[in-house]
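Here, residue 1 is the first one in the sequence, and each next residue gets the next number.
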Amino acid sequence: MGTVFQTYPKERSAFINPEDFTKRDPDFPELCVSTFSKGIIDKFAALDSAEVIGHLYTANGETPVYRIVYKHTPIAFYLSRVGAPACVTGIEEIIALGAKKIVLFGSCGILDQSADHKIIVPTSAVRDEGTSYHYLEASDEVYADRNVVHKITKCLEACGYSCMTGKTWTTDAIYRETKAVIAERKKAGCLCVEMECAAALAVTQFRGIPFAQFLYGADNLDSSEWEPRDLTEYGLSNAEKYLALAFECAAAL
């Protein structure tokens with residue numbers, strides 16, 4: 001922790017704030033869901049009941065924000081960019097638009113075989129990224145709201161899906177997941193590894209927004225050699241299941 005991240009900015013207001021450029025939409029749904037797979041988003045965006053209600057803007061191009069009515073409840077959904085800084089920028093702007101509760105889901109690398117083929121609901125995240133330190137005081141981990149974790153696990157179980165709670169490892173550098181670091185994170189109790197959870201928890205706690213995340217295993221790191229498995233599909237084969245589960249989780253919040 002002996003880095004620049006020790007110096008946490010105390011000011012609530014920054015020099016540039018999301019509301020400076022993002023106009024609040026009074027009709028924006030309170031519930032919002034996001035994921036990292038364009039294929040999953042595109043499948044649901046193609047439904048007749050889905051409509052574009054806004055856009056997020058970056059140098060990578062426009063990201064549409066959609067609205068759908070799921071079981072009589074309006075829910076917004078959009079594509080999150082991969083990596084903590086880009087993901088959090090999207091969350092900041094979605095909150096500025098009017099989102100009050102957020103569910104994020106995506107794939108992860110399995111570090112513990114006991115979590116394989118189960119949906120993982122993080123209870124905490126190791127902060128091996130940089131973004132979270134701009135929202136919360138320095139610490140090794142950031143913790144999820146226990147009440148939210150309880151609601152999400154109950155919701156997933158009610159939908160008939162086996163889930164597991166535990167710690168995830170959020171890293172900025174997928175190509176620096178060395179064997180020594182993987183062993184260290186496994187020893188610390190991490191079930192999986194991904195790139196956004198710690199930062200997403202930090203920004204939503206800073207903004208006072210109820211937030212839930214669930215993860216599904218893609219590649220496997222709990223072996224002598226890396227197993228890509230279905231990572232290249234980015235969850236597309238289970239698109240309907242995962243996004244529908246996210247809608248259920250959002251309603252449960």
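- Dense packing is recorded around NZ of Lys100, with more than 12 heavy atoms of other residues, nucleotides or ligands lying under 6.0 Å away.
- To the nearest 0.5 angstrom, Lys167 atom NZ is 12.5 Å from Cys197 atom SG.
- Between the side chains of Glu129 and Thr171, no donor N or O sits under 3.5 Å from an acceptor N or O.
- The backbone N or O of Met164 sits nowhere less than 3.5 Å from a side-chain atom of Lys118 that would complete a donor-acceptor pair.
- Gly106 approaches Phe36 most closely through the heavy-atom pair CA-CD1, 4.1 Å.
- Note on Leu104 and Tyr161: separate hydrophobic clusters, where clusters join Ile, Leu, Val, Met, Phe, Trp and Tyr whose side-chain heavy atoms are under 4.5 Å apart, directly or indirectly.
- Looking at heavy atoms from C-beta onward, Glu194 lies in side-chain contact with Thr170 at the 4.5 angstrom threshold.
- At distances below 3.5 Å, at least one donor-acceptor pair connects side-chain atoms of Thr204 with backbone N or O atoms of Leu201.
- With a 4.5 Å cut-off on side-chain heavy atoms, Pro210 and Lys151 do not count as touching.
- Salt-bridge check for Arg185 with Asp128: passed, with a basic side-chain N closer than 4.0 Å to an acidic carboxylate O.
- A chain of hydrophobic side-chain contacts below 4.5 Å, direct or via other Ile, Leu, Val, Met, Phe, Trp or Tyr residues, connects Val82 to Tyr175.
- Separation of atoms CD (Glu19) and CD (Glu93) is listed at 11.0 Å; rounding is to 0.5 Å.
- Residues Val149 and Thr165 have side chains in contact (heavy-atom distance under 4.5 Å, counting atoms from C-beta outward).
- Nearest approach of Glu196 to Ala84, heavy atoms of both residues: CG-N, 4.1 Å.
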Worksheet item: Are Phe247 and Leu31 close enough, and set up right, to give a side-chain contact (heavy atoms from CB on, under 4.5 Å), and what steps lead you there?
Response: CA-CA 9 Å; Phe247 289 158; Leu31 305 180; over 6 Å; no
Discussion item. Let's go through Tyr242 and Thr35 carefully: what are the C-alpha distance in whole Å and the side-chain angles of both, what is the deciding distance for side-chain contact (heavy atoms from CB on, under 4.5 Å) to 0.1 Å, and is it a yes or a no?
Written reply: CA-CA 9 Å; Tyr242 292 133; Thr35 189; over 6 Å; no
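- Scanning all heavy atoms of the two residues, the minimum distance from Glu141 to Arg127 falls at C-CD, 3.6 Å.
- Within the 3.5 Å criterion, the main-chain N or O of Asn17 finds no donor-acceptor partner in the side chain of Glu92.
- Residue Trp169 holds its CH2 atom at 5.5 Å from CD1 of Ile182, rounded to the nearest 0.5 Å.
- For the atom pair Tyr57 OH and Thr63 OG1, the distance stands at 10.0 Å (nearest 0.5 Å).
- Rounding to the nearest 0.5 angstrom, the gap separating the CG atom in Leu243 from the OG atom in Ser37 is 9.5 Å.
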Fill in: side-chain contact (heavy atoms from CB on, under 4.5 Å) between Arg146 and Thr123, intermediate numbers included
CA-CA 7 Å; Arg146 293 174 64 182; Thr123 55; over 6 Å; no
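- Within the 4.5 Å cutoff, the side chain of Leu56 has no heavy atoms near those of the Arg81 side chain.
- The neighbour count for Glu30 CD, taken as heavy atoms of other residues, nucleotides or ligands under 6.0 Å away, does not exceed 12.
- Atom SG of Cys32 and atom CD1 of Ile95 lie 9.5 Å apart (nearest 0.5 Å).
- Contact annotation: the side chain of Ile75 never approaches that of Pro29 to less than 4.5 Å [non-hydrogen atoms, C-beta and beyond].
- The nearest pair of heavy atoms linking Ala199 to Thr131 is CB-CB, 3.9 Å.
- The two residues Ile102 and Ile91 make their nearest non-hydrogen contact at CD1-CG2, 3.9 Å.
- Note: the hydrophobic cluster containing Val148 also contains Val121 (ILVMFWY, side chain heavy atoms under 4.5 Å, direct or indirect links).
- Relative orientation of the Tyr135 and Phe206 rings is perpendicular, given thresholds of 30° and 60° on the angle between their planes.
- No donor-acceptor distance shorter than 3.5 angstrom exists from the side chain of Ser80 to the backbone of Cys87, with no hydrogens or angles considered.
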Discussion item. What verdict does the side-chain contact (heavy atoms from CB on, under 4.5 Å) test give for Phe214 and Cys249, after you've listed the backbone C-alpha separation in whole Å, the side-chain angles of each residue and the deciding distance to 0.1 Å?
Written reply: CA-CA 9 Å; Phe214 67 82; Cys249 289; 4.2 Å; yes
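- Results of the ring pair (Phe, Tyr, Trp, His ring centres under 6.0 Å) test with Tyr66 over Phe77, Phe28, Tyr78 single out Phe77 as the only residue that passes.
- Within 6.0 Å of atom NE2 in His55, more than 12 heavy atoms from other residues, nucleotides or ligands are found, so the atom counts as buried in its surroundings.
- Taking hydrophobic clusters as Ile, Leu, Val, Met, Phe, Trp and Tyr residues chained together by side-chain heavy-atom distances below 4.5 Å, Val65 shares a cluster with Ile209.
- Between Val126 and Cys190, some side-chain heavy-atom pair lies under the 4.5 Å cut-off.
- A heavy-atom distance below 4.5 Å is found between the side chains of Phe105 and Ile40.
- When hydrophobic clusters are built by joining Ile, Leu, Val, Met, Phe, Trp and Tyr residues whose side-chain heavy atoms come closer than 4.5 Å, directly or via intermediates, Tyr8 is grouped together with Val88.
- At a threshold of 4.5 Å between non-hydrogen side-chain atoms, the residues Asp27 and Arg67 do not count as touching.
- The shortest non-hydrogen separation linking Gly130 to His134 is O-CD2, 3.3 Å.
- For CZ of Arg176, the number of neighbouring non-hydrogen atoms (other residues, nucleotides, ligands) closer than 6.0 Å is 12 at most.
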